[in-house]
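Notes follow the structure.
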Amino acid sequence: MFKRILIANRGEIALRINQACRELGIETVAVHSTADSESLHVTYADESVCIGPPASTDSYLNITAILAAAEITGADAVHPGYGFLAERADFAEMVAECQLQWIGPRPESIRLMGDKAKARTTAAAAGVPVLPGSPEPLATPAEALGLAVELGFPVILKAAAGGGGRGMRIVHTAEEVEILFTTASQEALRAFGDGSIYLEKYLVEPRHIEFQILGDRFGRVVHLGERECSIQRRHQKLIEEAPSPALTPELRREMGDAAVKLAQAVGYENAGTIEYLLDQDGRYYFMEMNTRIQVEHPVTEMVSGVDLVKQQIRIAAGERLEIDGDFEPQGHAIECRINAEHPDRFTPSPGRIDTFHPPGGPGIRVDTHVYEHYVIPPFYDSLVAKLIAHGEDRAEAVARMSRALDFFVVEGIHTSIALHQRIMADAGFRAGRLSTRFMERFLAQADTS
Ligand code: ADP
């Protein structure tokens, strides 16, 4: 097992990895920007190294500084968390070249699945259903138009290198193709340094259902069931839950088996997520694979009893997976992402937290890096805390979440707590009537009432 892990991240996920290391008796090295020297991920680490000024390009994305920090502190492995360098195959390779163990999938898997067009082709070849669309990136708007007409509108244009909803455009008519193709491509080029665009059929009211998988170095792959992440705003997840209210045990088995088959086909190692869209007729389609631990991993931990971050570390250390292949969810878990943002405008609300009193009690888990008088810097994402509620069934999980939100006191900044309270009280949400357009309707309804 490793002696010392360098955590190449910040915020709640850096703390989460620290917790897993502690429990495994592994020392931790934190890296931080000058804006984060007062952060808990630094306080709780055995050692810490400042790697640069606030801007992430100069710090959390500064590969040279991070590798130097690993070298001077004598770390033997690197955990990238999510975001930042987590899905950079070149970073994973450099980590290995420095004789450090990368806690994540092999660089080839990151590269293959990071290209969404290639990932689609790979899924199709493994026998996993994909939406009708272009097998290769499209060269010109004219090519996109031809295919869109063939498939029928609406279609969605996506950046091959995409993530976080950027470089995506929904196209409803032939007239829009050219302009939307150009703007999506430009946005993708700016965000990812790669303007390649592909196209697929757009489902009007799907659910976002993703499967957690784990694979070890010996070719064994298991899934730990699904998370439903249909509550999104602008393609960004707000609430996730496990299991999905829409899945029968049969459909869970079928989609889970397909996820395992795909991971096996690419020799996938470590934790990963296979994202699907589920249409209203119960048909599912592969959307993409994320080759890292996800923000919403706690809901899976709550219904599986498996510590996913510890599993990641064990797998990277060469241990065999000792988890049954016949997953069944235990109870129900929901996660609300509490963001520092204005409740109506959704604009960031950084600054000093005057009062911070997180809830507790039965079935409640709070993953956070903030504390009273902490100053949220304006340079990074706006996640303040992940509030997770677990119950025997969905109704109990919802009741616990509502109660926990009511008892969650954050003063000094704006947060999304009130928004989550309203969603928990919504009749459609309570009935499990979810789709990726849930928020659009919910917000429109709030505007008119
Ligand atoms: P990103 O990696 O940028 O987050 P994804 O491919 O995961 O992009 O898609 C994000 C969200 O966009 C999905 O959860 C879903 O709401 C929507 N979406 C993506 N593809 C489609 C599609 N073909 N039809 C309908 N909605 C889609």
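Hydrogens, waters and symmetry mates play no part in the numbers below; they use all other heavy atoms, side chains included. Counting starts at 1 for both ligands and their atoms, in listed order.
Side-chain contact between Phe408 and Asp406 is absent, with no heavy atoms from C-beta onward closer than 4.5 Å.
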Would you please test Arg111 and Glu108 for salt bridge (charged side-chain N to carboxylate O under 4.0 Å, His left out) and show each step? CA-CA 5 Å; Arg111 203 163 270 134; Glu108 305 89 86; over 6 Å; no
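The only member of Lys386, Arg16, Lys310 that meets salt bridge (Lys or Arg N to Asp or Glu O under 4.0 Å) when paired with Glu301 is Arg16.
Glu210 meets the salt bridge (Lys or Arg N to Asp or Glu O under 4.0 Å) test with Arg227, Lys237; sequence neighbours excluded. Legend: residues meeting ring-ring contact (aromatic ring centres under 6.0 Å, His included) with Phe346, ordered by chain and number and at least two apart, are absent. Contacts of Tyr202 classified as ring-ring contact (aromatic ring centres under 6.0 Å, His included), with partners at least two apart in sequence or in another chain: none.
Residues with a heavy atom under 4.0 Å from ligand 1: Lys116, Leu131, Ile156, Lys158, Gly163, Gly164, Gly165, Met168, Glu200, Lys201, Tyr202, Leu203, Pro206, His208, Gln232, His235, Glu275, Leu277, Met287, Glu288, Thr436.
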